[in-house]
Amino acid sequence: MLGLDRDDLHSLLEVITDYVDDKFPDERLRELDAANEFPEETVRDMCSGDGLGVQLLFIPEEYGGMGGGSLDVYRVCELMARVDVGLATGVLATFLGSDPIVYGGSDEQKKRWLSRIAEEGLLMAYGATEAEAGSDLGSLRTVATPVVEDGETVGYKITGSKQWISNGGVADLYTVLAMTPGGPTWFVVDRGTPGFSASPHEDKLGIRASNTTPLVLDSVEVGLDRLVGGVEGQGLVQAQLVFGYTRLMVAAFGLGGGWGALDRALTYSTNRSQGGGLLSTKQGYTHKLIVPHAVALEAGRAFIEETAERLDNGESHLNTEGAIAKYLSTVAGNAAADAAIQAHGGYGYTKDYMVEKAMRDVRITTIYEGTSEIMEMTISRDRWQEHLKTRGQHYHSAAAAMERLAAEQPTCGADSAALALHALAEVLELARVHKLTRNQHILFRMGELIAKGEGAAALARRAAGALRGDLNPKRMHRFSPATVAAMSRVNARTVAHSISSDGLRYVLGSADAGQIDPAAAAASVRLLDIERAQAGLIADMDAVATGLYEHLSHTR
C-alpha cells in the first residue's frame, strides 16, 4: 500500500498539531480573518525544508519527498481544516497545483519541479477556473498560440484570464490550463514571467486567510519544456485523473471544518447550564444540534477513508467516488457548522466564539473543486449507467452484501443500510420505467439519494470493521467501536427513510397524475419495513451522545 506507516503518520500529525497550536491561536485567526490577510511568512515556513516541511508529504520519495498516500493526505487535510479552512487551502494549494505535473508530466518535468518543491518549498497555484467557464473546464477561453520557428513549434504565447485562484498572488510557480490547437493543455508558468500578473486579493465571505486572486496572461511566452507531458490536448484527461484524489482533499476540508465547529459546541455544552442542568445532558439540545451532524460527518469520513484506501491500493478512475466523498462531507460540514452557531445561542453569532467564522469558512467547500450540483450530476450520471447496465440490480446487489454483513455483525447498521439500498434501486427503476430523468431536477436529486445510500453502506462497513478490530490503523480512531456502530445505525435508518420518502416524492412529483400508483410504489420501496426499522432510533441517539461526550477532544 502506498504511503507512510502508522507511526510516521501519527508523528507527522503530532508535529503539525503542535506547530499550528503555537502559530495560530484563536486570537491570531481572528486577526487574519478581520484583515483579510494571508499569513505568507508562516505558510512558507510550513512548506520549507528549514521549517515544518509539510510539503514533503505530497512529493514522491524519488524526488525528495515522503511519498504520502491518499489516506495520509486526508488526515493532514482534516487536521489543517479543523484549525482554519483558509489556512488549509493556502498550504495545500501547492499540492493541487503540482498535480498536473505529478500525473501528466514527463520524468524530466517531475524531477525538475517536484524536486524544487521538496527542496525549496515553492508555493504553487492551480490555474484552471475561468470567470465564464466556472467549473466547466471544457469551456476554456485562455488560449496558447504556438510560437513557430523554421517550421517547428518552440514555445507558446498564452493569453487569457483565470478566476478564484488559491495562492494566485503569492505562488512561485503556476500550472495553467489553456486551449492549444490540439485541445486543452497544461503549462507551467513562473511568477514574474513578462505579461503574467495577479489582480488584487478577493474580499471573500470566508477563508479570508487564503490568498485568492484572478490571474491575467497577456501574451505570456513559455518554452516547449513548459508543456506538461510534452503533448497537446491532454489537459482534461490529466485533470480527470486527479479528481478522485483532489476531491478527497476538499472532502477532508469539509470534514475538518465541520468537526472543528461541532467540537466547540460539544465543549460549550459541557459548561453551559439551562433549565437546571448542563446543555450536554438535554436531548432537546444534543439530539437536534449535535448527534445528527456528528453522524453525517462520520458517514462522510467512512466514504473518504474507503476511497483513499482504494487509491492507495492502486485503483484509478474513482472520480465518482471522489464526488460522493466530497458531496457527503462538505454538505455535512456546512450543516454542522451552522448547527454549532445555534448550539452556542447568541454567543454563536459573535466573533469571539469562532463558530460563525467556521461557518463562513466551510461554506466554500460546497463550491470549489466542483460545486455540490456538479457532484450530484457526476454521481447520478455514473450510477444511472450502472443501474441500466445491470438491469436495475446494481443497488439490489449492494443491498445483498449489506444483508450478509448484517448476519455477520448484527449491530453495525447494515440491516437498515440494506433497506436503504433496496429502496434506492426501486426508486431508480421507477424513474427509468417512467422516463422521469428527463427532468434535470430529478437527475440531480437521484445524485443526492445515491450519495446518501452509498455513505450509509460505507459507515456500516466501517462499524463492522471497528467491531472486528481490523480497521486500517491509519484511519481515524476517535470513537469506540460501540459508538461507531450506534452512529451507523442512526445514519442508516435516517438514510433509508430519506430515500424511501423523498424518493417517492420525487418520482410521484415528476410523473403525470395517475401514472404511478402511490401504494404500489410505497410497497416496492418497502416503506413499511423502513418505518418499522426506526424502532430504537432514540436509544441509539442516546448512545451516540454518550460516546461523543466520552471522547470529547479539545476544540482544535
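Sequential numbering from 1 along the given sequence is applied to the chain's residues.
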Got Ser329 and Phe303 here, is their nearest side-chain heavy-atom distance under 4.5 Å? no
Exercise: do Glu119 and Tyr63 side chains pair donor with acceptor under 3.5 Å: no
Going by salt bridge (Lys or Arg N to Asp or Glu O under 4.0 Å), name the residues that satisfy it together with Lys351, two or more places apart in sequence or in a different chain. Glu356
Are side-chain heavy atoms of Glu321 and Glu315 found at a separation under 4.5 Å? no
Under the 3.5 angstrom rule, does the side chain of Arg208 hit a backbone N or O of Ala35 as a donor-acceptor pair? no
Centres of the Phe196 and Tyr174 rings: under 6.0 Å? yes
Please name all residues satisfying side-chain contact (heavy atoms from CB on, under 4.5 Å) with Asp225, sequence neighbours left out, ordered by chain then number. Arg112
Close side-chain approach of Thr175 and Val188, heavy atoms under 4.5 Å: yes
Salt bridge check, Lys110 against Glu62: does any charged N sit closer than 4.0 Å to a carboxylate O? no
Suppose we screen for side-chain contact (heavy atoms from CB on, under 4.5 Å). Which residues come up paired with Tyr349, at least two apart in sequence or across chains? none
Measure the shortest side-chain to side-chain distance between Thr185 and Leu177 over non-hydrogen atoms and say whether it is less than 4.5 angstrom. no
Residues forming a side-chain hydrogen bond (donor to acceptor under 3.5 Å, both in side chains) with Lys288, sequence neighbours excluded: none
Starting from the C-alpha separation in whole Å, work towards a yes-or-no answer on salt bridge (charged side-chain N to carboxylate O under 4.0 Å, His left out) for Glu40 and Arg44. CA-CA 6 Å; Glu40 182 173 353; Arg44 287 191 178 278; 2.9 Å; yes
Salt bridge (Lys or Arg N to Asp or Glu O under 4.0 Å) involving Asp72 - partner list, sequence neighbours excluded: Lys474
Could you verify whether a donor N or O on one side chain and an acceptor N or O on the other, from Glu373 and Gln440, lie under 3.5 Å apart? no
I'd like to know if the side chain of Tyr285 reaches the main chain of Ala343, judged simply by a donor and an acceptor atom lying under 3.5 Å from each other, with no hydrogens or angles considered. yes
Of all residues at least two apart in sequence or in a different chain, which pass the side-chain contact (heavy atoms from CB on, under 4.5 Å) check with Asn271? Thr267
Is a side-chain donor or acceptor of Thr153 paired with a backbone partner of Gly155 at a separation under 3.5 angstrom? no
For Glu108, I'd like to know if atom CD has over 12 heavy atoms of other residues, nucleotides or ligands within 6.0 Å. yes
With no hydrogens and no angle check, do the side chains of Glu305 and Asn472 hold a donor and an acceptor under 3.5 Å apart? no
Parallel, tilted or perpendicular for Trp186 and Tyr126, by the 30°/60° rule? tilted
Partners meeting side-chain hydrogen bond (donor to acceptor under 3.5 Å, both in side chains) with Thr142 (sequence neighbours left out): Glu130
Are Thr129 and Tyr368 close enough that a side-chain donor and a side-chain acceptor fall under 3.5 Å? no
Quick one, Tyr156 and Thr145 - any side-chain contact, counting heavy atoms below 4.5 Å? no
Can you find a side-chain donor-acceptor pair between Glu369 and Thr246 that sits under 3.5 Å? yes
Without swapping roles, check the side chain of Thr371 against the backbone of Ile374 for a donor-acceptor pair under 3.5 Å. yes
Per-pair distances, 0.1 Å, donor-acceptor, side chain in residues 93-106, under 3.5 Å, sequence neighbours excluded:
residue: Thr94; atom: OG1; partner: Met124; partner atom: N; Å: 3.0
residue: Ser98; atom: OG; partner: Thr94; partner atom: O; Å: 3.4
residue: Ser98; atom: OG; partner: Phe95; partner atom: O; Å: 3.0
residue: Ser106; atom: OG; partner: Gln109; partner atom: N; Å: 3.1
residue: Ser106; atom: OG; partner: Gln109; partner atom: OE1; Å: 3.4

Can you tell me if Thr180 uses its side chain to pair, donor with acceptor, with the backbone of Glu232 under 3.5 Å? no
Assess whether a salt bridge exists between Asp361 and Lys357, defined as any Lys/Arg side-chain N lying under 4.0 Å from an Asp/Glu carboxylate O. yes
Side chain Asn313, main chain Glu309, donor-acceptor under 3.5 Å: yes
Partner set under salt bridge (Lys or Arg N to Asp or Glu O under 4.0 Å) for Asp190, not counting sequence neighbours: Arg226
With a 4.5 Å limit on heavy-atom distance, are the side chains of Leu248 and Leu311 in contact? yes
Give the C-alpha distance, both sets of side-chain angles, the deciding distance and a yes or no for salt bridge (charged side-chain N to carboxylate O under 4.0 Å, His left out) between Glu78 and Arg301. CA-CA 10 Å; Glu78 182 193 2; Arg301 182 190 305 284; 2.8 Å; yes
Would Ile324 and Leu328 satisfy side-chain contact (heavy atoms from CB on, under 4.5 Å), going step by step from the backbone distance to the final call? CA-CA 6 Å; Ile324 292 172; Leu328 290 173; 3.8 Å; yes
Please report the C-alpha distance between Val189 and Ile158 in whole Å, then the side-chain angles of each, then the deciding distance to 0.1 Å, and finally whether the side-chain contact (heavy atoms from CB on, under 4.5 Å) criterion is met. CA-CA 10 Å; Val189 183; Ile158 308 173; 4.3 Å; yes
How about Arg75 and Met80: do any of their side-chain heavy atoms sit closer than 4.5 Å? no
Run the numbers on Asp18 and Val15 for side-chain contact (heavy atoms from CB on, under 4.5 Å), then give the verdict. CA-CA 5 Å; Asp18 290 342; Val15 169; 5.9 Å; no
Working note: Asp263 + Arg478, criterion salt bridge (charged side-chain N to carboxylate O under 4.0 Å, His left out); need CA distance, chi angles, decisive distance, verdict. CA-CA 12 Å; Asp263 274 333; Arg478 174 174 174 179; 2.7 Å; yes
We want to know whether Tyr549 and Thr286 form a side-chain donor-acceptor pair, criterion being a heavy-atom distance below 3.5 angstrom. no
Look at Asp22 together with Arg28 and state whether they make a salt bridge at an N to O cut-off of under 4.0 Å. no
Excluding sequence neighbours, so at least two apart, what forms side-chain contact (heavy atoms from CB on, under 4.5 Å) with Ala198? Thr213, Leu215
Holding to salt bridge (Lys or Arg N to Asp or Glu O under 4.0 Å), I want the full list of residues that pass it with Glu454, two or more places apart in sequence or in another chain. Arg383
For Tyr353 and His344, take the angle between the two ring planes, folded into 0 to 90°, and tell me which bin it lands in: parallel under 30, tilted 30 to 60, perpendicular over 60. perpendicular
Has Arg30 got more than 12 heavy atoms of other residues, nucleotides or ligands less than 6.0 Å from its CZ? yes
Within a 6.0 Å radius of atom NZ on Lys157, are there more than 12 heavy atoms belonging to other residues, nucleotides or ligands? no
Less than 4.5 Å apart, any side-chain heavy atom of Leu279 and any of Tyr268? yes
Can any side-chain N or O of Asn167 pair as donor or acceptor with the backbone N or O of Gly90 at less than 3.5 Å? yes
Listed partners of Glu448 passing side-chain hydrogen bond (donor to acceptor under 3.5 Å, both in side chains), at least two apart: Arg445, Lys452
Under the criterion salt bridge (charged side-chain N to carboxylate O under 4.0 Å, His left out), I'd like the reasoning laid out for Arg116 against Asp172: C-alpha separation, chi angles, the key distance, then a yes or no. CA-CA 11 Å; Arg116 287 189 63 195; Asp172 304 297; over 6 Å; no
N-O pairing of Lys23 and Asp45 below 4.0 Å: no
With a 6.0 Å cut-off on the ring centroids, do Trp259 and Phe479 count as close? yes
